[in-house]
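Worksheet: the structure to be examined is printed underneath.
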Amino acid sequence: MKASYEQLDVSVQKWLFKQGWSDLREIQKLAIEPILSGCQDVLISASTAAGKTEAFFLPASSAVANVKDGFSILYISPLKALINDQYRRLDSLAEMLEMDVTPWHGDSSQAKKKKARSTPSGILLITPESLESLLVRESGWVNSAFNSLSYVVIDEFHAFIGTERGMQLLSLLNRLEHLLDRYDKPIPRVALSATLGDLEQVPKSLRPDQSLPCEIITNSKSTATIKCQVRGFVEPASQEGNAESADTLVCSELYQLCRGDSHLVFANSRNNTENLAARLVEMCEENIVPNEFFPHHGSLSKELREDLEQRLQKGNLPTTALCTMTLELGIDIGKVKSVIQVNAPHSVSSLRQRLGRSGRRGNPSILRMFITEDDVTIRSGIVDKLRLELVQSLAMIRLLLDSKWFEPADTSQYHFSTLLHQVLAVTAQWGGVRADQLFTLLCKKGPFQNVTTEHFVSLLKHMGNTRLLTQLGSGELVLGIEGEKIVNHYTFYAVFQTPEEYRVVVGAKTLGTLPVDSLVLPSQHIVFAGRRWKVLDVDSDKKVINVEATKGGKPPKFGGSGMFTHGKIRQEMYKIYSQGDYRIDLGSQKVDFADAVARELFNEGAKYFKEANLTEESVIQSGKSVCILTWSGDRVANTLVAILLSKGVQAGSYAGVVEVENSTVTNVKRMLKDIVVTGLPTETELAEMASDKIIDKFDELVSPEILSIGFGHRVFDVKKLHSYLVSMF
DNA sequence: GACCTGCTGCGGGGTG
């Protein structure tokens, strides 16, 4: 590590020596110069456990080693848990450099905050929400405490891109640069991230106005081998006979496959996760062996989650976690033997993250997918006959392994809800502000660059009418009565929406929280934390559900609204059907990654595709209904359904297939032609007809006009539908 | 037909 090593501060070199590191990793060497230069942004993109954090902190702490007054490095994390991790990890390096490190979030100690308030110095580790509260409430102090700020570093940057929280974060950073008067000498931003879909696009997401150049650093070698298999399961049409239900087969496979080593099983929903865990725990009990199966998801208490995380990280006991995306993120749990995905995943990018959790040193990453299809009967619809879930899974694996494609972040949205939040936050921070100043700060210089002056005027006027803002005689805007109420409540600082949650309690012990959007009644049975419980009573004032242990029971309904399947996946499915082959080309060979049942299921689906002539035809009769297969993303299907509904036609969509009830192919084709001839409505017009457009936290405060614009852009895609319809005729 | 994340200031009670 000659040359690069010597550019680091002597104390940092000492620290490296003390760690016994023989050499720096590739990305760590590559990051030294661009970070030391202090005049450019840097994107460090590498997989988990590749040493990204050190790649930033070694050169950055070198550069500020002699700065004592004020914070020099601002580290921003999406998770409190990650801040606590980093605080521990930075301990010895900071000690060597005699540098302060302050963890600052809702649960961190008041004493540490108090000390940092009086003598700000070194590294500040913070969440976007806590940074927001500092700007709104103590901007004067922020101005002096950050006066010598040299770096902003954002951990898990991929978790922010294209989200409400990401827009808030970018706005916060812009407001900070504005407050510190650093527009002509911007503070370098460093983003640490898992590998991202379209790296070239990321710098624009890191600094929308591109006032600093951005260097991209990735680890080039990815020689890890991957083993992958799709297993099919068939749910029998009737419970009679000897056929075992698919769930039973899935569970016994999991039991045999997982016992004795550590694995992660992703089952998409908390509900599924709980059900699988409950059955596997019971199987251990029946066989009188120690339990190795545990659930892990966001509704479980911190204690239960941490116990499991520690058990996985220690690695001395075989442990299988039945989990949701909580174990997809950066939490340090070490690598597992294999990853099993039960049912089709929701996106290729999350499949990729999950796969990255397996692959121990010197061993391949192993991914298995368990896909269940219903036995086809006379009553089966086209979705079953085509084996759509299985083929979607095959397509996703091909895209991931063969095309190396995964969904890019969507940066085209307006985010009006978060824009409204930022208008309130800036008004509170400044006390009074002119409309043109707000527009410049948030939209022209800030991250809301898709928003026009017309949108902004509509938003502000409505905020005035609803008393969120008040205009003074001077023209300045200040918070109105309603605005004060919102800003002064502690829930103001987060920009994302959360459902109401009940605590599930047994005796004196809290098992976790359950988001309640379906009724939970006394004596009802629920599955939670991998066990079955009977509800004793529900206290709606204290938001507590008291339960006792029991056998048997029906699972609770967990809430949530869906996301969209990308059009690229549907196109890959069409390709697979058309070719009648899903295998991956490897040189002159074709690699089959399906087991016998999955292969048989695929053949059934491909046969149906061929018989129905779906290569040529995309509108077909299915019983009394007509199905339209556009082989495009869910936005296109949504658009078509909305248009049909507006014409009084009964229509719906499932898995990208639009179904028109009680009709004929001739009829539907005539309707589709009519739609093209008379012209398609705009996305906004379609949105205006939708009854419920409230998705994000502050949507209900946004003016109806721009709410429709934002909703329409998010949910519909008229242009793609148009090109599909035109291609038909 | 899904998942995840975060926030204040203050008062009361317990512990060292």
Side-chain angles (χ1 to χ4, degrees), chain A residues 76-84 103-108 110 113-114 117 126-138 154-169 172 266-274 295-300 302 305 322-331 341-347 349-351 353-354 383 388-389 392 418 421 424-425 428 485-499 501 512-515 517 557-565 634 637-638 641 652-657 695-697:
Chain A
I76 300 171
S77 153
L79 300 173
K80 290 184 289 192
L82 220 51
I83 287 177
N84 300 340
W104 192 299
H105 57 70
D107 300 337
S108 60
Q110 288 294 330
K113 288 182 185 170
K114 206 171 162 186
R117 250 196 200 98
I126 201 167
T127 58
E129 288 74 17
S130 284
L131 183 58
E132 181 75 83
S133 99
L134 288 180
L135 274 178
V136 168
R137 309 164 61 89
E138 303 174 58
I154 308 163
D155 209 349
E156 306 270 356
F157 187 60
H158 58 282
F160 285 113
I161 304 177
T163 68
E164 300 305 318
R165 251 184 133 192
M167 293 301 276
Q168 179 189 26
L169 172 59
L172 285 167
F266 290 93
N268 291 350
S269 72
R270 286 175 288 204
N271 192 3
N272 272 340
T273 302
E274 288 289 347
H296 190 284
H297 56 73
S299 300
L300 292 173
K302 210 166 111 192
R305 283 163 67 168
L322 294 297
C323 57
T324 61
M325 66 171 286
T326 45
L327 288 185
E328 212 175 89
L329 297 170
I331 307 165
Q341 168 74 41
V342 178
N343 300 335
H346 290 108
S347 70
S349 58
S350 91
L351 185 63
Q353 288 273 8
R354 292 171 184 188
V383 172
L388 274 185
E389 188 177 357
Q392 183 174 317
T418 301
H421 175 271
L424 290 174
K485 275 191 210 160
I486 292 170
V487 172
N488 289 334
H489 198 266
Y490 77 95
T491 53
F492 173 67
Y493 306 105
V495 293
F496 53 89
Q497 180 80 283
T498 39
E501 301 217 319
T513 55
L514 180 67
D517 55 4
K557 272 205 164 39
F558 289 113
S561 66
M563 219 183 70
F564 305 132
T565 300
D634 282 351
N638 288 342
V641 169
S653 79
Y654 184 86
V657 178
I695 300 175
D696 290 314
K697 189 173 172 189

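Reminder, nothing fancy here: chain letters follow the sequence lines and each chain counts from 1. As a basis for the values below, the full set of heavy atoms in this structure was taken, side chains included, without hydrogen atoms, waters or symmetry mates.
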Margin query: Tell me which one of Leu131(A), Leu134(A), Ile83(A) satisfies side-chain contact (heavy atoms from CB on, under 4.5 Å) with Trp104(A).
Written below: Leu134(A)
Next item on the list: Could you tell me the separation between the CZ atom of Arg354(A) and the P atom of dA2(B), rounded to a whole number of Å?
Entry: 14 Å
Next item on the list: Could you tell me the separation between the CG atom of Leu322(A) and the C1' atom of dA2(B), rounded to a whole number of Å?
Entry: 17 Å
Next item on the list: For Ala655(A), answer base if it contacts any base atom (sugar-phosphate contacts may also be present), sugar-phosphate if it contacts only those atoms, and nothing otherwise; contact means non-hydrogen atoms under 4.0 Å.
Entry: base
Check: Expressed in angstrom and rounded to an integer, what is the separation of Glu274(A) atom CD from dC3(B) atom C1'?
Finding: 14 Å
Margin query: Within a 6.0 Å radius of atom NZ on Lys302(A), are there more than 12 heavy atoms belonging to other residues, nucleotides or ligands?
Written below: no
Margin query: List the residues meeting side chain to side chain contact (heavy atoms under 4.5 Å, CB included) with Ala655(A), not counting sequence neighbours, and say none if there are none.
Written below: Leu388(A)
Notebook entry, point to check: In the 5'-to-3' direction, what one-character label does each nucleotide of nucleotides 4-16 of chain B receive under the scheme B = base within less than 4.0 Å of a protein heavy atom, S = sugar-phosphate only, - = no such atom?
Noted result: SBBBBS-------
Notebook entry, point to check: For His158(A), does its backbone N or O pair with a side-chain atom of Glu156(A) as donor and acceptor, under 3.5 Å?
Noted result: no
Check: Any donor-acceptor pair under 3.5 Å linking the side chain of Ser108(A) with the backbone of Pro103(A)?
Finding: yes
Item checked: Matching residue for Glu274(A) among Ser269(A), Pro295(A), Ser299(A) - test: side-chain contact (heavy atoms from CB on, under 4.5 Å) -> Pro295(A)
Next item on the list: Quickly work out the Asn271(A) CG to dA2(B) P distance and round it to whole Å.
Entry: 9 Å
